[in-house]
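See below for the structure under consideration.
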Amino acid sequence: SQTIHQWPATLVQPVGSPLSLECTVEGTSNPNLYWYRQAAGRGLQLLFYSVGIGQISSEVPQNLSASRPQDRQFILSSKKLLLSDSGFYLCAWRTPTGTGNTIYFGEGSWLTVV
Amino acid sequence: AQKVTQAQTEISVVEKEDVTLDCVYETRDTTYYLFWYKQPPSGELVFLIRRNSFDEQNEISGRYSWNFQKSTSSFNFTITASQVVDSAVYFCALSAENTGFQKLVFGTGTRLLVSP
């Protein structure tokens with residue numbers, strides 16, 4: 001069966017510091033991968049998605065970036081965090097074949113920028 | 001553009017009551033998928049159900065049931081005989097053909113509080 005893991009689960013970072021959140025999927029090949037953010041009091045927003053190694057699509061311009069160095073690895077980064085980057089970050093995946101396949105989410109990472 | 005509206009911000013019920021969570025969606029696509037996810041206090045989004053736009057059959061899974069009506073663009077979720085463990089935030093979401101089904105558009109969620 002497929003599983004998804006992301007880490008760290010929680011982190012507190014000062015403004016201006018870098019960020020790296022990592023996500024890996026097991027049990028599937030060539031998944032579509034996603035990063036979502038859930039800010040306090042707001043809904044879930046798609047940040048990036050990837051359909052293959054090195055292929056990144058950005059949905060929202062911001063100071064975050066994403067990379068996919070390996071087939072089942074997806075990384076969310078920032079060079080300098082802003083207070084507004086605080087939130088709950090969720091990695092997700094789905095199988096690439098077919099349409100409208102279910103997107104499954106990881107456990108999430110709570111980021112507090114202070 | 002797609003939009004999902006969950007007008008109920010928070011619902012409080014007493015255990016064993018039935019509760020319906022409303023979801024209204026907007027899309028110009030004829031091919032789309034609708035989803036419900038549950039977010040318990042731990043934060044993880046748990047998939048509950050997926051329906052495609054060509055299948056309006058209602059579905060029942062244990063105490064959960066879903067009513068999909070294209071005529072009113074609604075995809076409502078009913079929990080029968082609610083339990084304390086049902087307390088969570090529930091999200092309705094949509095993905096449509098014009099985004100290659102890559103983008104899940106979420107509603108703002110409905111927080112369900114079930115008290116003993």
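As the structure is a prediction and not an experimental result, all values here were calculated from the model. Letters A, B, ... mirror the listed sequences (proteins, then strands); counts begin at 1.
- Heavy atoms from other residues, nucleotides or ligands lying under 6.0 Å from NZ of B:K3 number 12 at most.
- If you measure heavy-atom distances from A:Q38 to chain B, the contacts under 4.5 Å come from the side chain alone.
- B:L48 is connected to B:L94 through a chain of hydrophobic side-chain contacts under 4.5 Å among Ile, Leu, Val, Met, Phe, Trp and Tyr, so both are in one cluster.
- Within 6.0 Å of CD on B:E10 lie more than 12 heavy atoms contributed by other residues, nucleotides or ligands.
- The shortest side-chain heavy-atom distance between A:F105 and B:Q39 does not fall under the 4.5 Å cut-off.
- B:F91 and B:V114 are not part of a single hydrophobic cluster, where members link through side-chain heavy atoms under 4.5 Å apart.
- Here the straight-line distance linking atom CD1 of A:I103 with atom CZ of B:F47 works out to 11.0 Å at 0.5 Å rounding.
- Here the side chains of B:L45 and A:L44 are in contact, with some heavy-atom distance below 4.5 Å.
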Given side-chain contact (heavy atoms from CB on, under 4.5 Å), test B:F101 with A:R94 step by step and report yes or no. CA-CA 11 Å; B:F101 304 102; A:R94 73 163 205 188; 3.6 Å; yes

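- Applying the salt bridge (Lys or Arg N to Asp or Glu O under 4.0 Å) test to residues at least two apart or on different chains, the pairs with a partner in residues 82-108 of chain B are A:E59-B:K103, B:R63-B:D86.
- Proximity of a side-chain donor or acceptor of A:Y36 to a complementary backbone N or O of B:L104 within less than 3.5 Å is detected.
- For A:N101 against B:R50, the heavy-atom pair with the smallest separation is CA-NH1, 3.2 Å.
- Enclosure of atom CG in A:L83 by more than 12 non-hydrogen atoms of other residues, nucleotides or ligands within 6.0 angstrom is indicated.
- What you find for A:T102 and B:Y37 is that their closest heavy atoms are CG2-OH, 4.1 Å.
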